[in-house]
Undergrad: 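Here it is, the structure, as structure tokens.
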Protein chains: 2
Amino acid sequence: MTALIDEKLLTLKRLAPKTILVHEGSISDEMIFIIKGCIRAWYNAEGQDITLQFFFEGDSVTSLESFLKNIPSTINIETLEECEVGILKKSNFSGLIKTDSEFKELFYETAIDKLLIHHNRLLSLLKDKPFHRYQQLLTEKPGIFQRIPQHYIASYLGITPVSLGRIRNRK
Amino acid sequence: MTALIDEKLLTLKRLAPKTILVHEGSISDEMIFIIKGCIRAWYNAEGQDITLQFFFEGDSVTSLESFLKNIPSTINIETLEECEVGILKKSNFSGLIKTDSEFKELFYETAIDKLLIHHNRLLSLLKDKPFHRYQQLLTEKPGIFQRIPQHYIASYLGITPVSLGRIRNRK
DNA sequence: GCGCAACGATAACAATTGTTAAGAAATAAA
DNA sequence: TTTATTTCTTAACAATTGTTATCGTTGCGC
């Protein structure tokens with residue numbers, strides 16, 4: 001999707017690990033494109049940190065509801081490792097949507113793709129046991145345990161770190 | 001959303017309970033608008049019936065991936081009770097998207113709204129125990145147990161009918 | 001290089017959910 | 001009205017996951 005964006009509209013930045021990009025309660029006015037690195041979205045459930053999603057190179061990242069509807073975000077977004085990103089300001093985004101029909105088309109296609117990703121994740125949570133979800137994750141992202149702390153992965157899978165340890169030791 | 005659709009483009013139909021509207025493996029070329037009744041989307045996991053979503057009056061229903069991308073649907077959609085629906089054929093839908101920018105805008109807004117609904121459902125599955133999900137469902141749809149068999153509701157919540165029975169008896 | 005923080009592993013016990021089976025109640029069909 | 005099917009409830013046992021606690025390892029910061 002960045003191929004359609006004039007380089008002048010993207011602000012390049014290098015971010016340290018644990019940099020907060022979106023904070024719950026704040027309105028998000030940036031869309032981030034990951035050039036290099038890893039980012040996660042998480043939800044604060046009364047002090048409990050629930051990991052919702054991981055993003056890698058080539059992904060676009062934002063709190064969509066906050067970004068599009070100008071309401072406070074319910075989620076947090078932060079870097080897991082040092083990242084190189086391109087940042088698209090909301091004002092530039094809105095300009096592109098108005099003037100560049102190809103960009104608008106691609107944005108909506110991307111939104112539909114994200115819907116299908118969420119749908120599949122939802123489906124997996126309903127039909128698969130934690131062990132099977134763990135296996136699927138390994139199949140899709142073989143190197144994930146080298147990049148991401150396993151307690152975040154456990155949270156993403158919907159289980160505790162202790163349970164993930166048991167699952168990993170299962171044969 | 002139907003307010004923007006010329007009545008001539010909607011085919012009105014009355015459907016019996018257990019009518020299959022979308023079948024896994026088939027390409028879906030209709031978008032259904034519920035005037036009256038209840039419909040559910042479900043996934044066949046090797047013979048296991050997983051209920052994904054319920055739709056009620058005012059909702060639009062389709063297998064989005066199949067409808068938009070012309071690929072076989074992975075889900076099934078069927079009526080739970082006698083329904084009155086309006087059906088919009090894919091060809092009419094495409095015509096509206098091309099010619100009616102207001103309709104197109106609204107369709108994409110609706111798609112974003114569906115994304116947020118999926119996001120919230122995903123979040124609930126990750127952070128809430130079945131009992132809490134059950135309570136949320138009662139809060140959001142108080143009369144749901146009068147309209148839908150409890151074994152479908154159990155499936156939707158991600159638990160077995162036996163577990164749902166235990167939860168309902170918990171005080 | 002040392003101290004601290006973060007990460008990871010494991011055990012024991014508790015709680016919850018799944019599975020299987022049986023039977024009652026409600027609904028649908030003949 | 002009767003029969004068949006579907007839905008619902010419950011018990012007993014099995015399996016899985018959560019909780020709490022402890023300790024070892026690795027990585028970070030000074």
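Proteins get letters first, then strands, A, B, ... in listed order; numbering begins at 1 in each. The figures here come from the full heavy-atom set of this structure, side chains too, leaving out hydrogens, waters and symmetry mates.
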Undergrad: Looking at C:dT10, I'd like to know if its phosphate oxygens (OP1 or OP2) sit under 4.0 Å from a side-chain N or O belonging to A:Arg168.
TA: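 The answer is no; no side-chain N or O of A:Arg168 sits under 4.0 Å from OP1 or OP2.
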Undergrad: When the distance from CD of B:Gln48 to P of C:dT19 is rounded to whole Å, what number comes out?
TA: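 Going from B:Gln48 (CD) to C:dT19 (P), I get 8 Å.
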Undergrad: What's the closest nucleotide to the A:Arg166 side chain, out of D:dT20, C:dC13, C:dT17?
TA: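 Looking only at side-chain atoms, A:Arg166 lies closest to C:dC13.
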Undergrad: Can you check whether A:Asn169 has a side-chain N or O nearer than 4.0 Å to OP1 or OP2 of C:dA9?
TA: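 No, because none of the side-chain N or O atoms of A:Asn169 sits under 4.0 Å from OP1 or OP2 of C:dA9.
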Undergrad: From CZ of A:Phe131 over to C1' of C:dG18, roughly how many Å is that when rounded to an integer?
TA: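 Interatomic distance, CZ of A:Phe131 to C1' of C:dG18: 17 Å.
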Undergrad: Kindly indicate whether a cation-pi arrangement holds for B:Lys90 with B:Phe67, taking the cut-offs as under 6.0 Å to the six-membered ring centre and within 45° of the axis.
TA: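 That pair qualifies as a cation-pi contact.
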Undergrad: Taking NE2 from B:His132 and P from C:dT17, how many angstroms apart are they, rounded to a whole number?
TA: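 In whole Å, C:dT17 P and B:His132 NE2 are 13 Å from each other.
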Undergrad: Could you give the CG-to-P distance, from A:Leu157 to D:dT17, as a whole number of Å?
TA: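 Rounded to the whole Å, the gap is 11 Å.
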Undergrad: Report the nucleotide, chosen from C:dT10, D:dG18, D:dC8, that has the shortest atom-to-atom distance to any side-chain atom of B:Pro149.
TA: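 From the listed options, D:dC8 comes nearest.
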Undergrad: Picking from C:dT10, C:dG8, C:dT20, which would you name as closest to the side chain of A:Val162?
TA: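 From the listed options, C:dT10 comes nearest.
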Undergrad: Tell me whether A:Asp113 is salt-bridged to B:Lys69, with the criterion being a basic N under 4.0 Å from an acidic carboxylate O.
TA: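 A salt bridge links A:Asp113 with B:Lys69.
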Undergrad: Report the nucleotide, chosen from C:dG8, C:dG18, D:dT17, that has the shortest atom-to-atom distance to any side-chain atom of A:Ser163.
TA: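 Of C:dG8, C:dG18, D:dT17, D:dT17 is nearest to the side chain of A:Ser163.
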Undergrad: Given atom CG of A:Leu80 and atom C1' of D:dC28, what is their separation to the nearest angstrom?
TA: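 Whole-Å distance recorded here is 17 Å.
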Undergrad: Apply the test side chain to side chain donor-acceptor pair (under 3.5 Å) to residues A:Glu30 and A:Thr62: give CA-CA distance (whole Å), side-chain angles for both, the deciding distance (0.1 Å), then the verdict.
TA: CA-CA 7 Å; A:Glu30 299 178 339; A:Thr62 188; over 6 Å; no
Undergrad: In whole Å, what is the span from the CD1 atom of A:Ile159 to the P atom of C:dA9?
TA: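 Rounding to the nearest Å, CD1 of A:Ile159 and P of C:dA9 are 12 Å apart.
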Undergrad: Rounded to the Å, how far apart are A:Lys18 NZ and C:dA6 P?
TA: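 Distance check: A:Lys18 NZ to C:dA6 P gives 8 Å.
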Undergrad: Could you tell me how far apart B:Arg133 (CZ) and C:dT16 (C1') are, to the nearest whole angstrom?
TA: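 Answer to the nearest Å: 12 Å.
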Undergrad: If we count only N and O atoms by modelled type, under 3.5 Å, do the side chains of A:Gln136 and A:Ser124 hold a donor and an acceptor together?
TA: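 Yes, A:Ser124 and A:Gln136 have a side-chain donor paired with an acceptor closer than 3.5 Å.
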Undergrad: By nearest nucleotide on DNA chain C, pick out whichever of A:Lys129 and A:Tyr152 is the more 5' one.
TA: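 Looking at the nearest nucleotide for each, A:Tyr152 comes out on the 5' side.
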Undergrad: Among C:dG8, C:dT19, D:dG18, which nucleotide has an atom closest to any side-chain atom of A:Gln150?
TA: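 Of the options given, the side chain of A:Gln150 lies nearest C:dG8.
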Undergrad: Between B:Glu84 and B:Arg14, is there a salt bridge with N-O shorter than 4.0 Å?
TA: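 Salt bridge flag = yes for B:Glu84 with B:Arg14.
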Undergrad: Report yes if at least one side-chain N or O of B:Thr160 is closer than 4.0 Å to OP1 or OP2 of C:dT17; otherwise report no.
TA: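 False: B:Thr160 side-chain N/O out of range (4.0 Å or more) of C:dT17 OP1/OP2.
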Undergrad: For B:Pro161, report the nucleic acid contact type (base, sugar-phosphate, nothing); a contact means any heavy atom under 4.0 Å.
TA: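 No contact.
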